[in-house]
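This report refers to the structure that appears directly beneath it.
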Amino acid sequence: MKLEINNAVCGYGSRRIIEDLSFVVESGEILCLLGPNGVGKTTLFKTILGFLKLQSGEILIDGNNIEKWPRNRLAKIIGYVPQAHTPPFPFNVLDVVIMGRTAHLGPFASPSKRDILIAEEALETLNVSFLKDRIYTEISGGERQMVLIARALTQKPDILVMDEPTANLDFGNQIKVLEQINRLSKSGLAVFMTTHFPNQAFLCSTKIIILQKNNEFKMGKVEEVITEETLKATYGIDVRITSVKNQNGENINACIPLLN
């Protein structure tokens with residue numbers, strides 16, 4: 001499965017936030033989107049998901065323009081993982097995950113045994129089956145994020161769009177979520193995610209886009225795009241990029257900010 005954005009112009013009314021952006025993310029790839037607040041990351045996501053109308057350009061899935069696709073058709077292909085949230089009612093975890101089957105159900109239909117099984121399999125895939133009978137509002141932030149990913153997987157998507165999937169998580173839970181994202185990519189999903197942490201792109205991204213102010217952007221391989229000069233221009237801070245060895249003895253880059 002391939003998500004392709006061609007010369008996209010995104011914004012609100014006459015206000016253009018992103019102009020002439022083009023990229024591709026395919027099955028088995030993780031495309032990471034970085035950039036400071038206010039440059040259009042959320043606007044781009046809303047446009048891809050159909051919440052905002054594309055002002056110009058095209059969005060293709062396997063070569064097919066999705067402009068006139070109904071919402072339920074899009075939801076069967078693109079799974080969306082928002083930042084962690086608290087629902088207004090204390091649903092149990094399994095019920096929250098089953099909500100991911102909505103696009104596959106007819107009007108007024110109830111989830112079938114197969115839908116429940118798919119939801120349980122999604123929880124098992126993420127190693128959080130022990131949560132299924134817990135109350136969603138009473139579990140930890142890291143556990144909630146795993147449940148939201150499970151809900152998206154229950155849609156049976158080919159493309160996973162993730163809005164800051166590690167936001168508000170402690171250091172350990174951030175890494176656990178990134179490990180699951182890597183696993184999902186290796187299983188064949190195309191993953192498009194945002195983050196505020198360049199090191200996360202070094203850990204799991206196949207390629208990267210950095211949105212900058214004034215409608216400028218850089219994209220390409222992570223090691224080529226994330227440089228000390230680019231991060232200085234993007235965030236206005238001094239950083240150093242160093243290299244460390246992972247558990248397999250392979251070199252991996254790491255970004256260290258410098259305080260004045």
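Along the sequence shown, the residues carry numbers beginning at 1.
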When every non-hydrogen atom of V239 is compared with those of E228, the smallest separation belongs to O-CG, 3.5 Å
Hphob cluster co-occupancy, L60 + L52, side-chain heavy atoms under 4.5 angstrom: no
Gap separating the CG atom of L184 from the NZ atom of K186, nearest 0.5 angstrom: 11.0 Å
Over all heavy atoms of both residues, which pair between I48 and I59 is shortest? Give the atoms and the distance, please. CA-CD1, 3.9 Å
Partners of T230 by side-chain contact (heavy atoms from CB on, under 4.5 Å), sequence neighbours excluded? I210, Q212, K218, T227, T234
CD1 (I252) and CG (N248) are apart, to the nearest 0.5 Å, by 10.5 Å
With E29, which residues qualify under side chain to side chain donor-acceptor pair (under 3.5 Å), at least two apart? K207
What are the two closest non-hydrogen atoms of N7 and S22, and how far apart are they? N-OG, 2.7 Å
State, yes or no, whether a side-chain contact exists between I139 and V147 at a heavy-atom distance under 4.5 Å. yes
Evaluate the side chain to side chain contact (heavy atoms under 4.5 Å, CB included) criterion for residues L131 and R134: first the C-alpha distance (whole Å), next the side-chain angles of each, then the deciding distance (0.1 Å), finally the verdict. CA-CA 5 Å; L131 294 174; R134 297 274 301 277; 3.9 Å; yes
Is Q180 close to N127 at the side-chain level, that is, under 4.5 Å between some pair of heavy atoms? yes
Taking side chain as C-beta onward, heavy atoms only, is E164 less than 4.5 Å from F197? no
Side chain of E4, backbone of G63: donor and acceptor closer than 3.5 Å? no
Output side-chain donor-acceptor pairs under 3.5 Å for residues 90-108, partner residues at least two apart or in another chain, one line each.
{"residue": "N92", "atom": "OD1", "partner": "L94", "partner atom": "N", "Å": "3.2"}
{"residue": "N92", "atom": "OD1", "partner": "D95", "partner atom": "N", "Å": "2.9"}
{"residue": "R101", "atom": "NE", "partner": "D115", "partner atom": "OD1", "Å": "2.9"}
{"residue": "R101", "atom": "NH1", "partner": "T154", "partner atom": "O", "Å": "3.0"}
{"residue": "R101", "atom": "NH2", "partner": "D115", "partner atom": "OD1", "Å": "3.3"}
{"residue": "T102", "atom": "OG1", "partner": "M99", "partner atom": "O", "Å": "2.6"}
{"residue": "H104", "atom": "NE2", "partner": "Q155", "partner atom": "O", "Å": "2.7"}

What pairs meet the ring pair (Phe, Tyr, Trp, His ring centres under 6.0 Å) rule with one or both residues in residues 40-81, with sequence neighbours excluded? F45-F192
When rounded to the nearest 0.5 angstrom, what distance separates CD in E58 from CD1 in I5? 9.5 Å
Any heavy-atom pair between the side chains of L3 and V24 that's under 4.5 Å? no
More than 12 foreign heavy atoms under 6.0 Å from NZ of K41: is that the case here? yes
In the single-linkage hydrophobic clustering (I, L, V, M, F, W, Y; side-chain heavy atoms under 4.5 Å), do L49 and L189 co-cluster? no
Between the side chain of S205 and the main-chain N/O of I30, is any donor-acceptor distance below 3.5 Å? yes
How far apart are the closest heavy atoms of M219 and I209, and which atoms are they? CB-CG1, 3.9 Å
Report yes if some heavy atom in the side chain of L31 is under 4.5 Å from a heavy atom in the side chain of T206; otherwise report no. no
Hey, does the side chain of Q55 reach the backbone of G13 with a donor-acceptor pair shorter than 3.5 angstrom? yes
May I have all residue pairs that pass salt bridge (Lys or Arg N to Asp or Glu O under 4.0 Å) and include part of residues 59-76, sequence neighbours excluded? K53-E67
Single-linkage hydrophobic cluster, 4.5 Å side-chain cutoff, L126 and L203 together: yes
Counting N and O atoms only, with roles assigned by atom type, does the side chain of S27 sit under 3.5 Å from a partner on the main chain of M1, one being a donor and the other an acceptor? yes
What are the two closest non-hydrogen atoms of C204 and N182, and how far apart are they? CB-OD1, 3.0 Å
Indicate whether the side chain of Q200 and that of T166 have a donor and an acceptor atom separated by less than 3.5 Å. yes
Would you say that P257 contacts D238 through its side chain, given a criterion of any heavy-atom pair below 4.5 Å between the two side chains? no
If we only count heavy atoms from C-beta on, is the L148 to Q83 side-chain gap below 4.5 Å? no
Does a salt bridge link K245 with E250, judged by any charged N lying under 4.0 Å from a carboxylate O? no
Full working for side chain to side chain contact (heavy atoms under 4.5 Å, CB included) between T242 and N253: CA-CA 6 Å; T242 186; N253 286 348; over 6 Å; no
Any donor-acceptor pair under 3.5 Å from R240 side chain to C255 backbone: no
Please check this pair: side chain of S185 against backbone of G28, looking for a donor-acceptor N/O pair closer than 3.5 Å. yes
Measure the spacing between CG of N215 and CD1 of I17 and express it to the nearest 0.5 Å. 8.0 Å
Just grab all the salt bridge (Lys or Arg N to Asp or Glu O under 4.0 Å) pairs involving residues 10-22, residues at least two apart or on different chains. R16-E19
Using the rule that two of Ile, Leu, Val, Met, Phe, Trp, Tyr join whenever any of their side-chain heavy atoms come within less than 4.5 Å, decide whether V177 and Y136 are in one cluster. yes
Nearest 0.5 Å, please: how far is CG in N246 from CG in N251? 8.0 Å
Under 3.5 Å, side chain of E143 to main-chain N/O of S140, donor-acceptor pair present? yes
For G220 against V225, the heavy-atom pair lying closest together: N-CG2, 3.4 Å
With the side chain counted from C-beta on, respond yes when V161 and M193 share a heavy-atom pair under 4.5 Å apart, and no when they do not. no
Please check if M146 and F130 belong to a single hydrophobic cluster, counting links between Ile, Leu, Val, Met, Phe, Trp and Tyr side chain heavy atoms closer than 4.5 Å. yes
Which distance, rounded to the nearest 0.5 Å, do you find between the CD1 of I61 and the CG of L74? 5.5 Å
Have a look at L211 and tell me which of L34, T194, T43, I18 forms a side-chain contact (heavy atoms from CB on, under 4.5 Å) with it. I18
